[in-house]
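Step one of this worksheet: look at the structure below.
For ligands, and for the atoms within them, numbers begin at 1 and follow the listed sequence.
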Amino acid sequence: MKCALITGASRGIGRAIAIQIAKDLGFHILINYASNEEAAKETLQLIKSEGGSGELIPFSVENGEEVQKKMQDWFNNNPEKEITVLVNNAGITKDNLFLLMPEEDWDKVIQVSVKGMYNCTQAILPKMVRKRYGRIINMASVSGVKGNAGQANYAAAKGAVISASKSLAQELARRNITVNCVAPGFIKSDMTSHLNEKELAPIVPVNRFGLPEEVAYLVSFLASDKAAYITGEVININGGIYA
Ligand SMILES: NC(=O)c1ccc[n+]([C@@H]2O[C@H](COP(=O)([O-])OP(=O)(O)OC[C@H]3O[C@@H](n4cnc5c(N)ncnc54)[C@H](OP(=O)(O)O)[C@@H]3O)[C@@H](O)[C@H]2O)c1
């Protein structure tokens, strides 16, 4: 049975991706999250209500030992299943002007996005390489492509994710494993709930925030067999803010 591991799938964009991949590709979904079990269960319920299947797999992507242990246990308990899609979606922001940014906020944001991508990809990749097939999609951001005042830590994290993905794509292309980034602009989720959409919409050519589902359609396509010739790409999805 084919499976997709989506990190940070309890809420927001990750939840929408989990639902869309279950619907489009019929995959069993591993719903990762850090602590919000209620929300993760809701994601699972939404997948099931559309006829799909999935399970919860909580761990903090930051913690390499925990990720390795959880995934190894899962592989041992599920020899008939294979993870062919990995979406490194978990991410956080801790915004501040650089001059005021505490070191721990710099480190934490990078730890979750960059080390999280390292930890989860390390745990899944050996089996993908052996099967000579895989789809890895890493969640970047417009901030990681163009920079953004007040988000030097987040931009550094997402920029690192982008460059690491391009390198990994080149290492893995011959094994039929594609690695791509998706770089959203303003998307409605808990992460952007403090922002005033009315005030900010005019700087978006499409004149609104995007929906998690709109990001999920793109990720689901990249996760499919049809996207075999796309690798090492960063696909912007930002309503025209920046290309
Ligand atoms: N929203 C936007 O406008 C936007 C724009 C560009 C890029 N992005 C990126 O898109 C991704 C998803 O964003 P979102 O807006 O959906 O965020 P969100 O609504 O804040 O949800 C964050 C998700 O990540 C999980 N998470 C956080 N830290 C984690 C950790 N250490 N280990 C495992 N899971 C962790 C959370 O789990 P819990 O529920 O357990 O806390 C939750 O499922 C992020 O990488 C973000 O940087 C978002």
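Among protein heavy atoms, the minimum distance from atom 10 (O) of ligand 1 is reached at Met139 CG, 3.2 Å. In terms of protein heavy-atom proximity, atom 14 (P) of ligand 1 is nearest to Ser189 OG, 3.6 Å. For atom 16 (O) of ligand 1, the closest non-hydrogen atom of the protein is Ile13 N, 2.8 Å. With hydrogens left out, the protein atom closest to atom 28 (N) of ligand 1 is Ile92 CG2, 3.8 Å, a heavy atom. From the protein, the heavy atom lying nearest to atom 31 (N) of ligand 1 is Ser60 OG, 3.1 Å. Counting only heavy atoms of the protein, atom 32 (N) of ligand 1 lies nearest to Val61 N, 3.0 Å. Among all non-hydrogen protein atoms, the one lying nearest atom 36 (C) of ligand 1 is Arg11 NH2, 3.6 Å. Looking at atom 46 (C) of ligand 1, its nearest protein heavy atom turns out to be Tyr154 OH, 3.4 Å.
Of all the heavy atoms in Thr93 and Val109, the pair that sits closest is C-CG2, 4.0 Å. Shown here for Glu197 and Lys188, the closest heavy-atom pair between the two residues is OE1-CE, 2.9 Å. The two residues Met101 and Lys94 make their nearest non-hydrogen contact at CE-O, 4.2 Å. In this structure, Thr192 and Ile187 approach most closely via the heavy-atom pair OG1-O, 2.6 Å. The two residues Ser60 and Val67 make their nearest non-hydrogen contact at O-CG2, 3.6 Å.
Set against the non-hydrogen atoms of Gly185, the atoms of ligand 1 under 4.0 Å away are 2 (C), 3 (O), 4 (C), 5 (C), 6 (C). The contact set between ligand 1 and Phe59, taken as ligand atoms under 4.0 Å from a residue heavy atom, comprises 32 (N), 33 (C). Atoms of ligand 1 lying under 4.0 Å from at least one heavy atom of Asn32, given by number and element, are 33 (C), 34 (N). Residue Asp190 has at least one heavy-atom neighbour below 4.0 Å for each of these atoms of ligand 1: 19 (O). Numbered from 1 in the order shown, with element, the atoms of ligand 1 that lie under 4.0 Å from a heavy atom of Pro184 read 5 (C), 6 (C), 7 (C). The atoms of ligand 1 that sit less than 4.0 Å from any heavy atom of Thr192 are 1 (N), 2 (C), 3 (O). Of all the atoms in ligand 1, the ones that sit under 4.0 Å from a non-hydrogen atom of Gly8 are 23 (C), 24 (O), 25 (C), 43 (O). Counting atoms of ligand 1 from 1 in the listed order, those under 4.0 Å from a heavy atom of Phe186 are 3 (O).
Under the 4.5 Å side-chain criterion, counting only non-hydrogen atoms from C-beta, Asn119 is not in contact with Asn63. Contact of the Lys158 side chain with the Ser143 side chain is not registered, since no non-hydrogen atoms from C-beta on lie closer than 4.5 Å.
Proximity of Lys188 to ligand 1, defined as any heavy-atom pair under 4.0 Å, is not found for any part of the residue. Residue contacts with ligand 1, taken as heavy atom pairs separated by less than 4.0 Å, do not involve Ala40 at all.
Classification of the Trp106-Phe98 ring pair by plane angle, with boundaries at 30° and 60°, yields perpendicular.
There is no side-chain donor-acceptor pair under 3.5 Å between Asn36 and Ser10.
Of the charged side-chain nitrogens involved, none lies within less than 4.0 Å of a carboxylate oxygen, so that Arg11 and Glu42 do not count as a salt-bridged pair.
Within the 4.0 Å heavy-atom shell around ligand 1 one does not find Glu37. Between Asn89 and ligand 1 there is a heavy-atom distance shorter than 4.0 Å. No heavy atom of Ser113 sits closer than 4.0 Å to any atom of ligand 1. The closest approach between Ala39 and ligand 1 stays at or above 4.0 Å for every heavy atom of the residue. Within the 4.0 Å heavy-atom cutoff, Pro58 does not count among the residues contacting ligand 1.
Atom OH of Tyr133 is surrounded by more than 12 heavy atoms from other residues, nucleotides or ligands within 6.0 Å. Surrounding NZ of Lys23 are at most 12 heavy atoms belonging to other residues, nucleotides or ligands under 6.0 Å away. A 6.0 Å sphere centred on NZ of Lys81 holds more than 12 heavy atoms belonging to other residues, nucleotides or ligands.
Taking only nitrogen or oxygen atoms, main chain and side chain alike, Ile187 reaches within less than 3.5 Å of ligand 1.
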Show your working on side chain to side chain contact (heavy atoms under 4.5 Å, CB included) between Met139 and Val215 and close with a plain yes or no. CA-CA 10 Å; Met139 199 53 63; Val215 179; 4.2 Å; yes
